[in-house]
Amino acid sequence: MSLQHFLADQLQDKQQLLALIEQAIDIKNNPGKYSQALAGKSVVMLFEKPSLRTHISFDIGIQKLGGHSLYIGQQNGQLGERERVKDVAKNLACWADAIVARVFKQQVLDEMAEYAGIPVINALSDLYHPCQALADYMALTENFGSVEGLNIAYIGDGNNVSNSLMLMGSILGANVTVITPQGYEPDSALVAEAQKLAEQSGATLTVSTDIDDAKNQQVIYTDTWISMGDGTKVDAILEKFMPYQINEQLMAKAGASAVMHCQPAHLEQEITTSVFDSEQSIAFQQAENRMWAQNSVLVSLFK
Ligand code: NVA
């Protein structure tokens with residue numbers, strides 16, 4: 001299976017996603033087999049926002065595939081300010097073989113993909129975090145055998161991470177429930193898109209503001225209540241969000257055996273320390289899988 005770009009969850013179909021997950025597991029188990037997959041290739045990583053896991057996992061992952069990576073941080077300001085996005089993309093394509101970008105606006109990624117003529121990978125945007133979702137569904141495949149029919153509840157802020165979890169899960173046939181406080185629901189156009197994808201795969205998608213809907217769930221997932229670039233102070237939203245905190249009572253009520261977090265975790269806010277550190281937490285498996293899932297994408301982009 002080969003890919004052109006990795007920009008948004010809904011651009012992949014079920015067979016492609018399953019093949020990417022299967023390949024990611026194979027790369028994790030047999031890294032030596034792929035040690036020259038990116039030989040002679042250079043990947044530019046453009047980051048408009050901070051990063052720990054994404055930056056390091058791409059950097060080390062590319063090295064493990066025999067490729068070379070180059071990081072450009074925030075020193076150049078927002079993309080499109082100093083020169084047009086399309087010119088940045090065309091310049092990078094003069095030297096590099098692929099672009100990994102973390103951006104404020106998805107539109108910037110789409111524009112880069114349109115003009116670069118080389119593969120572009122979404123390393124997080126305002127709308128999506130597909131590399132995270134791929135690593136997450138890889139972890140769930142490892143733990144549950146398959147994600148088809150799996151009940152997953154995302155609880156917290158409707159954001160890029162929940163959008164990707166909902167879209168990719170709906171394609172793969174997972175029953176996703178997204179529970180947020182009122183006013184923090186996921187983007188309605190993306191919910192409608194996910195709803196259609198769920199119908200096609202025979203899964204269910206539930207979007208709710210009622211925390212009591214967190215029942216009969218095998219997996220609970222949460223993320224920060226305030227995403228990067230959002231200047232809201234936590235004190236201003238605490239009262240609204242506290243009933244949605246992942247704690248031991250909520251885990252017991254949901255009946256879940258696994259809890260997930262893409263990190264960074266804000267302990268005692270969206271998740272308690274005891275749940276984050278518990279045996280049920282697979283947050284570090286998710287973090288490890290970021291590298292293997294991204295390497296699977298890179299291998300497929302260069303096939
Ligand atoms: N929703 C978070 C994810 C961080 C990995 C953010 O955009 O900041």
Side-chain angles (χ1 to χ4, degrees), residues 6-9 45-61 71 73-74 78-79 100-110 121-139 152-169 176 178-181 183-187 190-191 194 207 220-234 236-238 240-241 244-246 259-271 276 281-294 297:
F6 195 63
L7 292 173
D9 311 83
M45 305 192 287
L46 281 175
F47 278 63
E48 287 187 321
K49 297 180 180 185
S51 172
L52 174 73
R53 276 151 295 279
T54 307
H55 176 184
I56 307 292
S57 60
F58 265 111
D59 201 338
I60 294 179
Y71 176 83
Q74 295 114 295
Q78 225 163 303
L79 281 161
V100 169
R102 168 166 286 192
V103 297
F104 282 98
K105 291 265 159 239
Q106 175 69 24
Q107 211 186 319
V108 167
L109 273 176
D110 296 339
I121 300 179
N122 182 351
L124 181 145
S125 70
D126 53 337
L127 292 182
Y128 309 112
H129 198 0
C131 291
Q132 181 68 53
L134 193 66
D136 296 339
Y137 285 110
M138 174 187 174
I152 307 169
Y154 173 94
I155 301 172
D157 180 36
N159 62 17
N160 43 12
V161 168
S162 62
N163 287 342
S164 285
L165 193 78
M166 158 179 98
L167 286 158
M168 203 178 278
V176 180
V178 179
I179 306 174
T180 69
Y184 296 86
E185 296 91 345
D187 181 283
L190 294 182
V191 172
V207 176
I220 297 291
Y221 196 122
T222 192
D223 179 21
T224 182
W225 290 337
I226 304 168
S227 284
M228 288 179 276
D230 176 346
T232 307
K233 295 271 170 282
V234 73
I237 57 155
L238 216 48
K240 227 172 175 171
F241 273 86
Y244 298 82
Q245 183 190 62
I246 311 305
V259 64
M260 303 178 80
H261 196 307
C262 57
Q263 305 187 67
H266 304 82
L267 299 172
E268 304 309 323
Q269 291 181 28
E270 71 267 8
I271 191 164
F276 185 75
S281 169
I282 58 168
F284 292 94
Q285 186 183 358
Q286 294 172 258
E288 184 191 341
N289 283 356
R290 290 293 306 278
M291 184 173 75
W292 305 118
Q294 289 156 193
V297 170

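All ligand and atom numbering here is 1-based and tracks the order in the structure.
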Report task. Return the minimal non-hydrogen interatomic distance between Asn122 and Gln106, and the atom names on each side. Result -> ND2-OE1, 3.2 Å

Report task. Might you confirm whether atom CD of Glu268 has over 12 heavy atoms from other residues, nucleotides or ligands at distances under 6.0 Å? Result -> yes

Requested in this report: Quick one: closest heavy-atom pair of Gln74 and Glu48, and the distance?
Outcome: CG-O, 3.4 Å

Requested in this report: Keeping the roles fixed (side chain from Thr180, backbone from Asp157), state whether a donor-acceptor pair exists under 3.5 Å.
Outcome: no

Query - Side-chain donor-acceptor pair present, Ser164, Gln132, cut-off under 3.5 Å - result: no

Query raised in the report: More than 12 non-hydrogen atoms from neighbouring residues, nucleotides or ligands closer than 6.0 Å to NZ on Lys105, yes or no?
Result: no

Report task. Please list, by chain and number, the protein residues whose heavy atoms come under 4.0 Å of ligand 1. Result -> Leu124, Asn159, Asn160, Val161, Asp223, Thr224, Ser227, Met228, Gln263

